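These notes are about the structure you will find just below.
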Amino acid sequence: MRLDRPALEVAPDLLGAVLTVGEVSLRLTEVEAYEGEADPASHAWRGITARNAVMYGPAGRLYVYVSYGIHSCVNIVCDDEGRASAVLLRAGEVVAGEECVRGRRGSVPYRRLASGPGNLGSALGLTAADSGLVIDGVRASLVGGPAGEVRTGPRVGVSRAADVPWRFWLAADPTVSTYTRSPRA
DNA sequence: CTTTTGATCGTCT
DNA sequence: GACGATCAAAAGC
């Protein structure tokens, strides 16, 4: 799959694709696009910093950051070097390495093993220390796959630019996150 | 089913 | 010093 194009184009193509990190494989079911410095909801909105530098690098790397001091959220970096474009992975179905994921996530229902960005990061065993990991088939790989009916809607959990429909998910897939936005937003 | 709240800390102002 | 690209548990219907 070609990743060297804008996140907005890559995001829907990632649905149905299988991402493998170590011994765990996920079929992606829910993603969100974050499109460069012009996107007020993106970490790159105020320009390059030590944390988001990976977003400015070449496509095909993982950008991992800590959310709320607790969770690791995983992005796939897109577009050409110099452009801060990335797709946040929000949910997936565990298709390999379930035993390994159980060790990290415990006894939760199968569909919730990697449902929600924090849970997905935990399922893959990634932390901020893994940010910049290259998807080159060694420790991480990505293979395109068939997607069913794709739906779009506003992004979740952001307080700025929440009106653009840059969230993509597979209709009727039970692993799609059920997160509801905090009322104070 | 829905709404509310505490946990917890790196990052940027 | 304030604020999150969040989650789970608890309490209210």
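Since the model is a prediction, treat every value here as computed from it, not as a measurement. Each chain gets a letter, A, B and so on, in the order the sequences are listed, and its residues count up from 1. When reading the values below, keep in mind they use all heavy atoms of this one structure, side chains included, and skip hydrogens, waters and symmetry mates.
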Does dT6(C) have its OP1 or OP2 closer than 4.0 Å to a side-chain nitrogen or oxygen of R90(A)? yes

Under-4.0 Å side-chain N/O to phosphate OP1/OP2 contact, R112(A) with dC7(C): no

Any sub-3.5 Å donor-acceptor pair from R105(A)'s side-chain atoms to R112(A)'s backbone N or O? yes

Close side-chain approach of R160(A) to V158(A), heavy-atom, < 4.5 Å: no

Side-chain N or O of T49(A) less than 4.0 angstrom from OP1 or OP2 on dC12(B)? yes

Side chain to side chain, L113(A) and R102(A), heavy atoms closer than 4.5 Å: yes

Need one value for R167(A): base, sugar-phosphate or nothing, where a base atom within 4.0 Å counts as base even if backbone is also close, heavy atoms only. nothing

Value in whole Å for how far the C1' atom of dA7(B) lies from NE2 of H71(A): 9 Å

From CZ of R46(A) across to C1' of dT11(B) the rounded distance in Å is 11 Å

dA5(C) base stacked by Y65(A)? Criteria: ring centres under 5.5 Å, plane angle under 30°. no

Searching all strands shown, indicate the nucleotide that pairs with dT8(B) (Watson-Crick or G-U wobble; both distances under 3.5 Å). none

To the nearest angstrom, the CG-C1' distance between L89(A) and dT6(C) comes to 15 Å

Scan every strand shown for a Watson-Crick or G-U wobble partner of dA5(C), both distances under 3.5 Å, and answer none if you come up empty. none

When the nearest nucleotide of DNA chain B is assigned to A50(A) and to G69(A) on a heavy-atom basis, which residue is associated with the more 5' position? G69(A)

Hydrophobic cluster membership, with links at side-chain heavy-atom distances under 4.5 Å among I/L/V/M/F/W/Y: are L89(A) and Y65(A) in one? no

Distance, rounded to the nearest Å, where L88(A) contributes CG and dA5(C) contributes P: 10 Å

Does the side chain of R61(A) come within less than 4.5 Å of V134(A)'s, by heavy atoms? yes

5'-most contact on DNA chain B: I70(A) or A128(A), nearest heavy atom basis? I70(A)

From the list dC12(B), dC7(C), dA5(C), which nucleotide is the closest neighbour of the side chain of Y63(A)? dA5(C)

Please examine the side chains of V108(A) and N119(A), heavy atoms only from C-beta on, and report whether any two atoms are closer than 4.5 Å. no

Across the strands shown, which category fits N119(A) at heavy-atom distances under 4.0 angstrom: base, sugar-phosphate, nothing? sugar-phosphate

Calculate the interatomic distance between I76(A) atom CD1 and dA5(C) atom C1'; express it in whole Å. 15 Å

Return the value, rounded to whole Å, for the distance between atom CG of N52(A) and atom C1' of dG10(B). 13 Å

Side chain of N75(A) - closest among dA5(C), dC12(B), dC7(C): dA5(C)

Kindly point out which of dC12(B), dA5(C), dA8(C) is positioned nearest to the side chain of R51(A)? dC12(B)

Between dA5(C) (P) and E35(A) (CD): distance, integer Å: 17 Å

OP1 or OP2 of dA5(C) under 4.0 Å from side-chain N/O of S42(A): no

Can you tell me how far C1' of dT8(B) sits from OH of Y68(A), to the nearest Å? 12 Å

